[in-house]
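To keep things clear, I will list the structure first and then write my remarks on it.
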Amino acid sequence: MTDPQIALMMLGLFIIFVFLGFPIAFTLMAMGIGFGYYAYFDARRMWRGFDRLDETAGQWEQWSSWIEGFYNNRIFDLFVNQTFTVMSNEVLTAVPLFLFMGYIVERSNIVDRLFTTLNIASKNVPGSMGVAALITCALFATATGIVGAVVTLMGLLALPAMLKARYDPSFAAGIICAGGTLGILIPPSIMLIVYAAATNVSIVRLYAAALLPGLTLVGLYLVYIIGRSLLQPSSAPKPTADEVPDMPMGKLVMMIITSFVPLAFLIFAVLGSILFGLATPTEAASIGALGGIFLAFIYRAMTWQRLRESVYLTVRTTAMVCWLFVGSYTFSAVFSYLGGEHVISEFVQSMNLSPIQFLIMAQLIIFLLGWPLEWSEIIIIFVPIFLPLLAVFEIDPLFFGILVALNLQTSFLTPPMAMSAYYLKGIAPPSLLLTQIFKGVMPFLFCVILSMVLMYVFPQIVFYLPDLFYGR
């Protein structure tokens with residue numbers, strides 16, 4: 001077999017191992033080292049120590065030279081260098097800080113207050129409870145960026161309230177599942193940090209570029225919720241006075257000040273300091289982490305146990321991301337050295353695709369990969385395969401990244417592997433069937449696809465803010 005054929009076999013075996021359930025990070029490292037040992041195998045270089053042995057050398061010296069030569073393969077040098085590169089990446093420093101901020105905010109008891117306040121404030125809006133749930137999901141998801149945490153917490157908080165208010169079960173479930181995924185798109189998004197680290201795109205420009213698409217998607221969700229509530233009132237009945245009591249304006253304003261304003265201020269302070277150049281993403285993330293601790297103290301939710309849990313979950317998630325990067329970098333370096341990227345590039349170019357056709361093909365592949373894989377694995381492993389082709393088709397990596405971020409919303413919403421649906425089913429009442437949740441998320445899936453079409457047709461939705469803030 002030629003080296004490019006071995007590279008393609010390497011990629012195929014990796015996909016097979018993923019479907020078999022092997023840990024992805026360690027599979028990447030094992031396959032990178034295994035195939036890299038073959039790729040960089042040079043017997044003369046590796047066992048040149050034998051040339052220094054004289055005829056009187058004993059068996060121990062010969063075995064020592066052989067073992068030393070076995071580990072003298074360049075793949076081990078590459079693996080160590082890639083590990084050092086990942087661990088010293090300044091962009092990734094922001095990941096644990098944003099994660100810590102999210103886990104602390106999750107435990108600060110602010111979400112139940114926020115949902116209650118928004119529910120009362122929007123009681124005269126069609127589908128008011130759904131609107132309140134979506135806005136709460138969007139704010140909470142933006143603060144945490146952890147889909148499972150948002151869907152689970154909002155499922156415990158908002159779903160029973162909506163079911164009690166006689167909402168259509170599938171409609172209520174769809175709102176929570178769709179809203180919970182927004183954190184991987186709307187800044188300060190951890191996914192965008194990972195994309196920036198994998199592609200060397202400016203994280204500041206990425207954050208600016210993601211704002212309008214994120215708000216567009218939220219707007220589409222709200223239009224659907226309000227529109228369905230108007231056209232089909234039985235799916236979202238108007239709340240009664242017992243379900244949502246009337247509140248004096250002064251008390252409502254105070255509730256907004258004590259629940260909505262602190263979290264919104266924390267998010268805008270972190271994001272604004274990044275966008276306006278007042279702080280680097282890492283510095284802003286540290287401010288956010290400190291702000292999260294401050295909020296937890298204000299709401300009297302900070303305990304040693306909750307702090308300990310937040311630190312533990314932060315370390316665990318950060319370690320997973322970093323080792324995924326180490327494995328991906330090693331795998332990609334060997335794959336490229338064997339000529340795999342060149343084969344894929346030649347194959348795609350031979351199809352004579354237009355830029356728009358290439359974008360559709362790439363997004364379709366990422367859409368399908370979203371069924372078995374999580375966003376972190378897609379960003380770190382598969383997106384870099386497309387990067388060399390972006391220059392060929394004259395596609396801006398910034399634009400491509402935002403499309404990928406939008407596309408990955410579907411990976412949490414698309415049956416049969418819609419993880420948001422499974423998160424919600426795990427804590428939902430037994431009467432709510434998984435098929436009902438799948439039915440509820442489908443309209444929101446179409447909203448995601450519509451938002452991607454809008455990005456294709458009106459690319460200035462992506463480029464307007466980066467060009468406004470930082471120039472072309």
Side-chain angles (χ1 to χ4, degrees), residues 110-141 150-182 217-249 251-256 259-260 412-413 415 418 420-448 450:
I110 193 174
V111 179
D112 54 347
R113 300 182 183 211
L114 180 61
F115 175 67
T116 301
T117 301
L118 292 176
N119 195 18
I120 296 173
S122 62
K123 66 175 298 182
N124 294 321
V125 177
S128 59
M129 199 170 286
V131 171
L134 181 71
I135 296 176
T136 304
C137 279
L139 282 171
F140 184 40
V150 179
V151 173
T152 301
L153 190 56
M154 289 301 297
L156 292 170
L157 176 65
L159 183 62
M162 286 194 282
L163 295 179
K164 185 179 178 181
R166 306 174 308 283
Y167 269 59
D168 181 272
S170 63
F171 184 40
I175 292 172
I176 294 173
C177 289
T181 65
L182 289 168
L217 184 58
V218 172
L220 290 174
Y221 285 168
L222 289 174
V223 167
Y224 167 68
I225 293 171
I226 295 173
R228 178 169 174 178
S229 301
L230 288 172
L231 297 175
Q232 191 181 26
S234 60
S235 63
K238 188 175 180 179
T240 64
D242 293 333
E243 293 165 344
V244 181
D246 291 325
M247 190 71 61
M249 181 58 67
K251 189 174 181 180
L252 179 59
V253 170
M254 184 56 63
M255 290 177 66
I256 293 174
S259 60
F260 177 81
F412 289 93
L413 301 175
S420 287
Y422 291 107
Y423 291 140
L424 186 60
K425 177 58 182 173
I427 51 88
S431 59
L432 182 63
L433 303 177
L434 191 60
T435 52
Q436 290 179 295
I437 301 176
F438 285 157
K439 178 184 176 183
V441 301
M442 293 309 292
F444 294 95
L445 182 62
F446 290 127
C447 289
V448 176
L450 176 59

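Separating the OG1 atom in T117 from the CE atom in M254 is a distance of 11.5 Å, to the nearest 0.5 Å. For the atom pair CE of M442 and CG of L413, the computed distance is 9.5 Å after rounding to the nearest 0.5 Å. In this structure, CD1 on I226 lies 12.0 Å from CG on L231, to the nearest 0.5 angstrom.
Between L159 and L432, the closest side-chain pair of non-hydrogen atoms falls below 4.5 Å. At least one side-chain heavy atom of L434 sits under 4.5 Å from a side-chain heavy atom of Y422. Side-chain contact between L153 and F140: present, with at least one pair of heavy atoms (C-beta onward) separated by less than 4.5 Å. With a 4.5 Å cut-off on side-chain heavy atoms, V441 and S420 do not count as touching. Residues D168 and S234 form no side-chain contact, since every pair of their non-hydrogen atoms from C-beta on lies 4.5 Å or further apart.
For T116, the side chain to side chain donor-acceptor pair (under 3.5 Å) test picks out no residue, with sequence neighbours left out. With sequence neighbours excluded, the residues satisfying ring pair (Phe, Tyr, Trp, His ring centres under 6.0 Å) with Y221 are F444.
Taking each heavy atom of M129 and Y167 in turn, the nearest pair found is N-OH, 3.1 Å. Counting all heavy atoms, side chain and backbone alike, C137 lies closest to M154 at SG-CG, 3.5 Å. Closest non-hydrogen pair, I437 versus A421, comes out as CG2-CB, 3.5 Å.
In this structure, Y423 contributes its side chain and G180 its backbone to no donor-acceptor pair below 3.5 Å. The main-chain N or O of I225 is found under 3.5 Å from a side-chain atom of S229 such that the two form a donor-acceptor pair.
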